[in-house]
Amino acid sequence: MRGVAAVPSYVVMQPTTLCNLDCAYCYLPFRAADRRMPVPVAEAVAAAVNPWATAGRFSVVWHGGEPLAAGREHLAALLAPFGPEVEHHVQTNATLIDDAWCRFFAEHRVRVSVSVDGPRERNGDRVSRAGSPAYDRILRGVDALRAHELPFSALAVVSRPEPGLATELYDYFLDLGCDVLGINIEETEGVNTRDNSHDPADVIAFWAELVAAWRRDPRIHLREVEWSLRYAAAVLDGVADDVLPRRLDPIPTIGHDGSVTVLSPELAGFTDPRYGDFSSGNVLDTPLAEILAGAERTPWVGEFLAGVEACRSSCPYFGFCGGGHAANRYFELGRFDGTETEHCRNSKIRLLEGVLEHARDHQSPAV
Ligand code: SF4
């Protein structure tokens with residue numbers, strides 16, 4: 001894997017910067033302001049995306065702020081320029097989902113992913129602007145999805161991995177009825193400066209326990225565990241070099257104003273005296289395909305690619321990880337050409353070690 005691909009497998013779109021919640025660990029700047037994406041931005045992105053979606057599977061992920069805070073009418077206007085082959089996804093806090101939104105998702109074939117951190121007492125960080133717990137409103141939204149028989153994914157943030165938590169979470173999400181689950185150990189990035197260092201043994205035990213819970217009843221696609229098992233199987237088959245893509249997926253994030261930030265959505269909206277606003281161009285001035293073709297010339301991207309090479313030559317986990325995420329390097333290390341971060345320790349290195357620990361603990365005795 002070297003360099004950045006010119007064609008992504010998905011784009012992230014920010015229909016509004018506004019969020020109706022104020023979660024304690026949120027990385028987003030401007031989430032109290034309603035800066036909405038104008039329709040010409042969506043038209044410009046669709047001009048590039050529609051041919052890509054005709055050639056192969058392609059997704060648009062609507063991610064805010066809270067994308068539903070843009071309102072159904074505006075979101076429909078932003079969806080309109082995209083062709084029928086494009087798969088749409090929305091990442092939402094679910095608090096605004098009602099029957100009308102469920103009809104909207106069905107009509108526009110939008111796949112929903114809900115952010116919820118587990119049972120009520122695990123959602124203390126998910127609060128309204130007035131500081132009141134959002135859990136009941138989140139569940140009302142999930143109930144509406146279930147009543148309309150709309151399949152949904154879930155994304156949970158874990159702030160403190162601790163014994164017993166993984167089993168509790170997995171059982172909760174089995175009951176909730178999601179068919180895909182992603183687990184993010186909280187990251188220090190964006191405007192969230194909370195510490196994300198943990199006792200390594202706790203993090204390894206968390207992942208090992210999650211694998212054990214999943215193996216007992218593997219009804220949910222558990223994102224991190226499936227990544228790890230795919231990698232472990234490739235190592236056993238001697239094809240580990242084929243796990244990573246040939247080139248990095250640029251994952252362009254299209255900001256509300258049309259600016260394009262590659263590789264890490266979390267960098268969008270930030271500026272730095274050294275790196276500027278991190279954007280590689282704006283779709284209102286330049287076609288998206290042209291911006292992506294030149295993305296490697298964005299100064300911070302070149303520095304990040306040097307960091308990926310440093311990872312390749314120094315880290316035994318590179319074949320699984322591929323060099324980590326740009327935003328974690330920037331927000332933890334202050335630059336892009338470093339290597340290990342707390343994020344990669346928590347979510348790559350200790351994830352793989354947890355899966356291996358589970359395998360060691362459950363291997364058949366030698367005969
Ligand atoms: S685990 Fe960390 S140090 Fe290793 S390749 Fe990934 S980002 Fe680099």
Side-chain angles (χ1 to χ4, degrees), residues 1-5 9 27 157-158 161 182-190 192 194-208 210-211 222-236 239-251 253 261-267 270 272 275 278 295-296 298 300-359:
M1 188 190 71
R2 286 180 202 275
V4 180
S9 61
Y27 63 85
V157 173
V158 168
I183 300 278
N184 287 348
I185 298 209
E186 184 179 333
E187 299 168 37
T188 304
E189 63 184 0
N192 179 23
R194 301 198 317 190
D195 180 37
N196 66 339
S197 55
H198 304 286
D199 181 337
D202 285 348
V203 184
I204 293 168
F206 171 82
W207 291 119
L210 190 64
V211 183
L222 191 50
R223 188 183 62 179
E224 286 72 19
V225 170
E226 290 188 359
W227 288 343
S228 317
L229 295 180
R230 201 173 308 135
Y231 177 68
V235 170
L236 291 174
V239 292
D241 287 351
D242 298 341
V243 173
L244 296 176
R246 294 253 164 270
R247 298 173 77 78
L248 282 172
D249 191 327
I251 318 173
T253 293
T261 306
V262 295
L263 298 172
S264 271
E266 299 84 357
L267 292 169
F270 286 88
D272 180 290
Y275 304 109
F278 300 101
E296 286 185 19
T298 309
W300 73 263
V301 175
E303 188 177 297
F304 174 69
L305 293 175
V308 171
E309 292 311 308
C311 278
R312 188 196 305 279
S313 57
S314 66
C315 178
Y317 298 87
F318 182 83
F320 171 58
C321 164
H325 300 295
N328 299 110
R329 287 165 193 244
Y330 173 70
F331 288 114
E332 285 195 35
L333 309 176
R335 50 189 303 125
F336 291 95
D337 51 4
T339 55
E340 267 196 47
T341 60
E342 289 297 341
H343 167 72
C344 78
R345 289 182 200 112
N346 291 334
S347 302
K348 305 281 184 174
I349 295 173
R350 288 165 194 156
L351 163 62
L352 208 50
E353 290 179 351
V355 172
L356 294 176
E357 181 171 292
H358 171 82

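If you're wondering where the values come from, they're calculated on a predicted model, not measured in any experiment. Both counts, for ligands and for their atoms, begin at 1 and track the order of listing.
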Check the side chains of E340 and Y317 for a donor-acceptor pair under 3.5 angstrom, ignoring hydrogens and angles. no
If you measure from each non-hydrogen atom of T341 to ligand 1, which part falls under 4.0 Å: side chain, backbone, both or neither? neither
If you define the side chain from C-beta out and look only at heavy atoms, does anything of R230 sit under 4.5 Å from V243? no
What atoms of ligand 1 come closer than 4.0 angstrom to any heavy atom of F318? 5 (S)
Taking atom SG of C344 and atom CD of E187, what is their separation to the nearest 0.5 Å? 11.0 Å
Give the residue and atom name of whichever protein heavy atom lies nearest to atom 6 (Fe) of ligand 1, and the separation in Å to one decimal. C321 SG, 2.3 Å
Tell me whether R345 is salt-bridged to E342, with the criterion being a basic N under 4.0 Å from an acidic carboxylate O. yes
Closest non-hydrogen protein atom to atom 4 (Fe) of ligand 1, residue and atom name please, with distance? C315 SG, 2.3 Å
Please determine if E296 and R247 form a salt bridge, counting it only when a charged side-chain N lies under 4.0 Å from a carboxylate O. yes
Can you tell which of G323, C311, G319 gets a heavy atom nearest to atom 8 (Fe) of ligand 1? C311
For atom 2 (Fe) of ligand 1, does an N/O/S atom of C344 lie at less than 2.8 Å? yes
Using a 4.0 Å cutoff against the non-hydrogen atoms of I349, which atoms of ligand 1 qualify? 1 (S)
Does the ring centre of F331 sit less than 6.0 Å away from the ring centre of Y27? no
Nearest neighbour in protein (non-hydrogen) for atom 3 (S) of ligand 1: E340 CG, 3.5 Å
